[in-house]
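Working notes, structure below.
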Amino acid sequence: MDIVMVTSKLYLSTPSLLSITLQALQHQQSNNLPSKLSFTQTPQKHQKSSSSTHYDHPNIDQTQQIHAHMIKTHFDHSLQIPLSFLPPHLSPEAQYNFLITSYNNNNFPKQSLKIYAHMRRFDVQVDSFTAPSVLKACGQCSLVVLGKEIHGFVLKNGLDGDVFVCNALMQMYSECGSAVSARLMFDQMAERDVVSWSTMIRSYVRNRLLGEALDLIREMHSVRVRPSQIAMISMVNLFADLTNVKLAKTMHGYVIRNMNNEKMGVPITTSLLDMYAKCGNLAYARWLFDGLTQKSVVSWTAIVAGYIRGNRLEKGMKLFKEMLEEGVFPNEITVLSLIIECGFVGALELGKWLHSYMLRNGFVMSLVLATALVDMYGKCGDLRSARAVSDGRDDKDVMIWSALISASAQANCPNEARELFSQMRDEGLRPNEVTMVRLISLCAEVGALDLGKWLHSYINQQGLEVDLILKTALVDMYAKCGDIDAAHALFSRSTDRDICMWNAMMTGFAMHGCGNEVLKLFEEMEILGIQPNEITFIAVLHACSHAGLVIEGKRFFDKMVYGYGLVPKVEHYGCMVDLLGRAGQLGEAHELIKSMPIQPNVVVWGALLAACRLYKNPSLGEVAAKHLLELEPKSCGYNILMSNIYASAKRWNDVAGVRKAIKDSGIKKQPGLSSIEVNGLVHEFSMGDNIHPQTGKIYEMLAEMSMKLKEAGYTPNTSVVLQNIDEEEKETALSCHSEKLAMAFGLINTAAGTTMRIVKNLRVCDDCHAATKLLSKIYGRVIIVRDRNRFHHFREGSCSCGDYW
DNA sequence: CGGTCAACAC
């Protein structure tokens, strides 16, 4: 103790060693080192140093240096902390706090917690300053157990009357995912400041309890607490999640009204521009961005990410380069967001470029970044690159394994995904909720109902928490695997539905052609006051189109734009063109395309072309086909449709012309693939394939099926076959279509009377549709076929789609 | 206490 006294006296009158160290480091940095990319630099302000100077917290190198120095001297052995390395005249508590805060500021919460452990070992008390710092680290590490320990000390040391400490406790509970505990804290507080309110609102937003957040905002106003700019940022974030331009504008107005003559800060403007970008209104986002007096790396990140999300890739790239020219360097979150957005829109090239940019510019390939890359490559269907990123690492955690599993799902390798799953377990990693979500969406993707059911029971058996996202994934899986009743049962039982849950259910119903159920749910949503988003309307329009509800469809489209303020995306136009086209209103459909403010894509023109085929309109079909070939010259599906249109109009010369064009271009038709799951394994078939071990038996079965079909009076519809071959061969080609092979395999390998579920990657053809109807009757089976667009339930000789698909 | 970042629905 004496030593401390003496040294502190000694150093109080001289510049502290810390500031000398800092100055030296600062000097070194400004002279030699380029600014590091992986950390945000905190500007070092202090020049002269005296005992009264405010100390900025050092960066991580400096923090570690101080820490190391402390350990080397007395730090680990006694409480005699050498004051020379810290701001002078501080208590031991404050010195610990200084180091904890330094590690926090440099984003090393685990180090902070080590310092805390040390502090406890030497029985230094948690005070009103250390408590919030340690709690912050607990929150970042999601260590609610440690957080509760601090809570205990807070109560023991009588700090529970301190607003600052209580706010930190709320924040900790919120970050650990418990909005309920945070609210308990909030309710118990004797005194609340504006920070308490905004922390609680933020807590609800973070935990996606949007209704509660809105209620709390109202309550805050009713007790006359005015929102600060920071409080409003939480609210803006809340509205950003709603992806609704009309509500976004309302929020913007709210912010302006509550500014109290303050200047709009950079952070709030950034959050507003991010909100607009997420709602798809890039013009507003850009306008706000351009108006920023100081553009920080955060603002740049938000606007570039916004452009990528809106699929304006060149523009996004251009801005990214502008950012670099302005001397603003991307941080880890920048590349992380941009990579995530690339995955979102499937921008593989840009994603690769960002990957190489990272490597070239010395970014530390953290596990988080690697996971984002694996995820992006997976979403873009590039399994090889995904594996290249993850394979070399020996620090793989559950998250990156899960991303890899999803990547193999995307690449259509369900059995490989299963393999990875067991590999992961072999390495001693326990699958968590995230793993299960990804595996279950894989089942949804490939239509593996048995595996999905097994995973569902595994979740219950392992006692994993079925949160809203997992439940949504399960609803989606059951719906997409054809078990719409199971999906609906799960949906009905959940009390805490969010918009994703509603959307999953409505999309499921729409896929199964249950238009009225979708409209019923939509009505229910409106009564409950739940804000539909653009995805909701895709489901609603889809439902109208499958159920032939033309007038309702138009009404919903208007409602979406004028009632809910959503900007229609190309998907919505696709639904509308499909809707009008199916109803035979071809002219109106064409007018709608011409009036679109955005570029129509292949879905839009494809819908028109399909309608032209249905209603035998070659001239408009040509217009659509021309656009389609411009958009996707490598595809011949449209040419095939066009030749079918000419054939039905008996324009044989044109048919021959198109066929020659296909032949000349040397492009192959996208192969049709059908899969069926038997005993948890997915078996996939392509047309006429003979690689399956049971090939012999399958073809015997196929022959039997043909015979029984003929007995039932079925004649093959050979007009759908394109090849220039004779009629008999055409029949053979038809009978080998992949769905018929899958069906034969199913008939052999499942017990009589079992429902068969088949998943097809293309649209089911006319001939297979007619044959399957009869087969369902002949073999007394329910056959559920999921094609590219929707479900067909074949039962007793008829199909749920009413022959309208 | 704050602005860009985490898996689900298209």
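Note that the structure is predicted; figures quoted are calculated from it, not measured. First the proteins, then the strands, lettered A, B, ... as listed; each starts at 1.
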*Got more than 12 heavy atoms from elsewhere within 6.0 Å of CZ, Phe522(A)?*
yes

*Quick one: label Val194(A) by what it contacts on the DNA or RNA (base, sugar-phosphate, nothing), any heavy atom closer than 4.0 Å.*
nothing

*At under 4.0 Å between heavy atoms, what does Thr507(A) touch on the DNA or RNA strands: base, sugar-phosphate, or nothing?*
sugar-phosphate

*Base, sugar-phosphate alone, or nothing: which one does Lys480(A) contact when heavy atoms must sit under 4.0 Å apart?*
sugar-phosphate

*Using the test side chain to side chain donor-acceptor pair (under 3.5 Å), find all partners of Asn533(A) that sit at least two apart in sequence or belong to another chain.*
Asn503(A), Thr536(A)

*Across the strands shown, which category fits Ile268(A) at heavy-atom distances under 4.0 angstrom: base, sugar-phosphate, nothing?*
nothing

*Touch check for Glu571(A), heavy atoms < 4.0 angstrom, all strands: base, sugar-phosphate only, or nothing?*
nothing

*asked:* Please enumerate all residues that pass side chain to side chain contact (heavy atoms under 4.5 Å, CB included) together with Val163(A), with sequence neighbours excluded.
replied: Asn167(A), Met189(A), Glu191(A), Asp193(A), Ser196(A)

*Is any side-chain heavy atom of Ser174(A) less than 4.5 Å from a side-chain heavy atom of Thr199(A)?*
no

*Looking at Lys295(A) and Glu326(A), does any basic side-chain N land under 4.0 Å from a carboxylate oxygen?*
no

*Would you mind checking if Asp187(A) and Arg183(A) are paired as a salt bridge, meaning a charged N to carboxylate O distance below 4.0 Å?*
yes

*May I ask you to say what Asn432(A) touches in the nucleic acid, namely base, sugar-phosphate or nothing, with a heavy-atom cut-off under 4.0 Å?*
nothing

_Under 4.0 Å, counting only non-hydrogen atoms across every strand here, what does Thr269(A) touch: a base, just sugar-phosphate, or nothing?_
nothing

*asked:* For a quick check of understanding: with a heavy-atom distance under 4.0 Å over all strands, which category does Asn167(A) fall into, base, sugar-phosphate or nothing?
replied: nothing

*Determine the contact category for Lys136(A): base if any of its heavy atoms lies under 4.0 Å from a base atom, sugar-phosphate if only primed atoms, P, OP1 or OP2 are that close, otherwise nothing.*
nothing

*So what does Ser228(A) touch, heavy atoms closer than 4.0 Å: a base, only the sugar-phosphate, or nothing?*
nothing

*Could you tell me from which nucleotide to which nucleotide of DNA chain B, 5' to 3', there is an atom under 4.0 Å from chain A heavy atoms?*
dC1(B) to dC10(B)

*For Ile333(A), report the nucleic acid contact type (base, sugar-phosphate, nothing); a contact means any heavy atom under 4.0 Å.*
base

*When rounded to the nearest 0.5 angstrom, what is the spacing between CG in Leu216(A) and NE2 in His221(A)?*
10.5 Å

*Could you tell me whether Asp498(A) contacts a base, only the sugar-phosphate backbone, or nothing, with contacts defined as non-hydrogen atoms closer than 4.0 Å?*
nothing

